[in-house]
Amino acid sequence: MIMEDLVALCKRRGFLFQSSEIYGGLNGFWDYGPLGVLLKRNVKDAWWRDMVESHNEQKIETGAPSTYEMTGLDCTIIMHPQVWKCSGHYDLFHDYMIDCRESKRRYRFDHVRGRWVTGLKHGEGGAAAVEQKVFITTMETEDVQTALDAAAGHYFGLRKKDMDTLKWEGPIAGITDMTSFDEVVGPDAKRPGTLTEPREFNLMFKTIVGALGGEDDAAFLRPETAQGIFVNFKNVLDSTRVKVPFGIAQIGKSFRNEITPRNFTFRSREFEQMEIEFFCHPETSQQWYQYWRDRRFRWYTEMGLAGERLRLREHEQAELAHYSCGTADIEYAFPFLPEGEFGELEGVAHRGDFDLRSHMEGKLVRQGNELVLEKDAAGQVRHRGSGKDLSYYDDQRKERFVPHVIEPSSGADRATLAFLCEAYTVDQAPTAEKGEDANRTLMKFHPRIAPVKAAIFPLVKKDGMPELAADLYGELKEYFHVQYDEKGAIGRRYRRQDEIGTPFCVTVDGQTLTDGTVTLRDRDSLEQWRVPKSKLADELRARLK
Ligand code: GAP
């Protein structure tokens, strides 16, 4: 499949549009069109229904060590900043930046520009001037050299008329190639060597809460929905009768200031996640991890991603986050990736007791095999937790413990994109339905996620067929998302529905007028058969499961 064809279809038929397109678009942001919103909502509804609503807490699911309960949450996007400090996102969710120990300023590493310069540096306290070669820097601006001249004049203490005593060398460059930071003069520094080595910069979007807010009122748009679940763990326990093992599910927007948003919706800056945090006893956590890994993989296959393009990949030890004792990715071979490469759809992680402990005690770091509170140079705890007791008392075992967490974390946009890629099919048009193209483009969506479930057509616009078809449309609309179409040749109408993935077309024809049956047509097999009008809703319901 050629990705450009799918992207074009998504735009032409109203699945996906670039955000703010009339203003040239905004990189990393996407809007779902009239069909896209239905498709994505169906994906999220199927996930919620299968993971939460229809989960039977009385029955042991295949592969599960015991029965379990499931419940849901819908948390805010902006939360108390301490949430992100204790979770580790504040310190670890990063891109590259540098700090100046002298000016206390922070710079984006790739925004600092500099050039080598040699000049006479006047000594302090009357000491003699000595020749010095330094890499003088400034922030990226329209005229970097003018800014560097000003910075160098300031550094060497020169008057304007003496500026030509400076010897500039080499091109204006970033500091990426510097072997020693000791020779770099930071953009606002008076001494060389005050810049720290580059550190990753935070991918969380920052905002200010309150009209008069300053830096102390800074807050963040959540980069994952998971933390809302952890901080509400106690609320859920206290307000419901759930008992460990149980899971809390949440679907919602997350935001990441990705440096390289790309590949359609695959890596966006605003996206939706479908996450479960599953709380269990430490002793059974490994079994629950295996269960969720397999359960979630099976879900994608049940929804139509079966085949070689889907795989489950266990992380190597070196890939694991510092708190994790096991992570597996469910991956799909997206067509925009090089042959043989896979992209992550979902991560299933064994997170141990890291999250609940972090929100109780404070930010944790690994020390040998232990997770310990991170301390600063003065021995003070770096980010304090809530101090609330997030442990669980098991009244059957008569034991108090901090539950371990298994986290199946999936992206609603990535899943939707995978379903779009998988569904896109071009086959030879059968002669009976031959329209203008020799090839038929169809989206083979699983009926559960297809945006339109059935289309109702009168064969011709006469003999009372439109009225009958419109009545039928009205009846079906109460239960399903259906469309009515009476424009153009019947073959052309079928094609329009195939291209948006409608699994069934219903035609009211001459025979309907005499025996009350309609023709039902299957999108994939093109098989056609007759069904009494009165049984149509039941027939569709059974086939759409
Ligand atoms: N709570 C764990 C967590 O957030 P993650 O692997 O960073 O883990 C989980 O994200 C899922 O969210 C990914 O597997 C992917 O489907 C989706 N996701 C992450 N970043 C994304 C982005 N920039 N654009 C679209 N989806 C993204």
Side-chain angles (χ1 to χ4, degrees), residues 16 19 26-32 36 40 43-44 47 73 75 77 79 83-84 86-89 92-95 200 202-205 220-231 247-278 289 292-293 296-297 299-300 303 305 310-313 315 319-324 326-332 334 336-337 342-352 354-356 358-359 405-421:
L16 276 156
S19 165
L26 188 60
N27 200 9
F29 297 89
W30 295 92
D31 294 335
Y32 284 81
K40 186 170 154 190
V43 171
K44 291 186 287 179
W47 182 88
L73 262 186
C75 308
I77 283 167
M79 294 191 272
V83 169
W84 308 111
C86 291
S87 71
H89 286 83
L92 300 169
F93 207 53
H94 282 144
D95 215 332
E200 290 170 291
N202 206 295
L203 293 181
M204 286 193 293
F205 279 101
F220 303 94
L221 306 194
R222 66 179 177 200
E224 62 170 26
T225 61
Q227 298 305 322
I229 299 180
F230 297 128
V231 301
I248 305 179
Q250 175 165 219
I251 299 179
K253 290 261 182 169
S254 293
F255 301 81
R256 296 182 190 179
N257 201 358
E258 299 280 1
I259 333 167
T260 50
R262 66 197 150 134
N263 289 334
F264 211 12
T265 56
F266 182 81
R267 180 161 291 117
S268 313
R269 290 184 164 132
E270 175 174 343
F271 55 96
E272 247 175 312
Q273 289 185 310
M274 309 187 287
E275 296 199 292
I276 295 171
E277 303 305 326
F278 188 81
Y289 167 64
W292 277 109
R293 225 189 49 167
R296 290 299 307 143
F297 183 79
W299 186 79
Y300 290 99
M303 298 298 292
L305 291 192
L310 189 73
R311 76 173 184 191
L312 185 70
R313 186 181 66 83
H315 280 207
E319 273 184 274
L320 295 179
H322 65 99
Y323 48 77
S324 181
T327 297
D329 283 346
I330 299 169
E331 300 179 327
Y332 182 71
F334 286 96
F336 46 75
L337 298 173
F342 287 72
E344 180 188 324
L345 275 181
E346 171 161 349
V348 182
H350 185 317
R351 300 176 62 96
F354 173 78
D355 305 281
L356 291 178
S358 302
H359 289 301
V405 169
I406 311 301
E407 178 193 64
S409 171
S410 148
D413 305 86
R414 281 205 194 160
T416 304
L417 183 58
F419 291 130
L420 278 163
C421 293

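Atoms within a ligand are numbered from 1 in the order they appear, just like the ligands themselves. All values reported here derive from a predicted model rather than from experimental measurement.
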Does [X] reach ligand 1 with a nitrogen or oxygen that is under 3.5 Å from one of the ligand's nitrogen or oxygen atoms?
X      : value
Phe266 : yes
Gln273 : yes
Arg351 : no

Could you check [atom] against the protein and tell me its nearest heavy-atom contact, residue, atom and distance included?
atom                    : answer
atom 18 (N) of ligand 1 : Phe271 CE1, 3.5 Å
atom 3 (C) of ligand 1  : Ser409 OG, 3.4 Å
atom 15 (C) of ligand 1 : Arg414 NH1, 3.5 Å
atom 19 (C) of ligand 1 : Arg256 NH1, 3.5 Å
atom 13 (C) of ligand 1 : Glu344 OE2, 3.3 Å

Is the side chain of [X] donor-acceptor paired with the backbone N or O of [Y] at a distance under 3.5 Å, no angle test?
X      : Y      : value
Tyr289 : Thr327 : yes
Asn202 : Met204 : yes
Arg256 : Pro223 : yes

Under a heavy-atom criterion of less than 4.0 Å, does Asp413 contact ligand 1?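 False for this residue.
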
Non-hydrogen side-chain atoms of Ile251 and Thr225 separated by less than 4.5 Å: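 No, too far: nothing below the 4.5 Å cut-off.
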
Can you classify the ring geometry of Phe264 versus Trp30 as parallel (below 30°), tilted (30 to 60°) or perpendicular (above 60°)? perpendicular

Can you find a side-chain donor-acceptor pair between Ser254 and Glu224 that sits under 3.5 Å?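 Ser254 vs Glu224: no donor-acceptor pair found between side chains.
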
Going by the order shown, which atoms of ligand 1 are within less than 4.0 Å of some heavy atom of [X]?
X      : answer
Leu345 : 14 (O), 16 (O)
Ser268 : 22 (C), 23 (N), 24 (N), 25 (C)
Ala226 : 1 (N)
Glu407 : 1 (N), 2 (C)
Glu275 : 1 (N), 2 (C), 3 (C), 4 (O)

List the steps, then state whether side chain to side chain contact (heavy atoms under 4.5 Å, CB included) holds for Leu16 with Thr265. CA-CA 9 Å; Leu16 276 156; Thr265 56; 3.8 Å; yes

Out of Gly28, Gly411, Ala349, the nearest non-hydrogen contact to atom 17 (C) of ligand 1 is supplied by Gly411

How does Glu224 reach ligand 1, if at all, at less than 4.0 Å between non-hydrogen atoms: by side chain, backbone, both, or neither?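 Glu224 to ligand 1: side-chain contact only, backbone stays beyond 4.0 Å.
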
Just to verify, what does Leu337 make a side-chain contact (heavy atoms from CB on, under 4.5 Å) with, not counting sequence neighbours?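 Listed in chain order: Asn263, Phe334, Glu341.
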
Glu277: side chain to side chain donor-acceptor pair (under 3.5 Å) partners, not counting sequence neighbours: none

Show, in sequence, the C-alpha distance, side-chain angles and deciding distance for Asp329 and Arg311, and conclude whether the side chain to side chain contact (heavy atoms under 4.5 Å, CB included) test is met. CA-CA 8 Å; Asp329 283 346; Arg311 76 173 184 191; over 6 Å; no

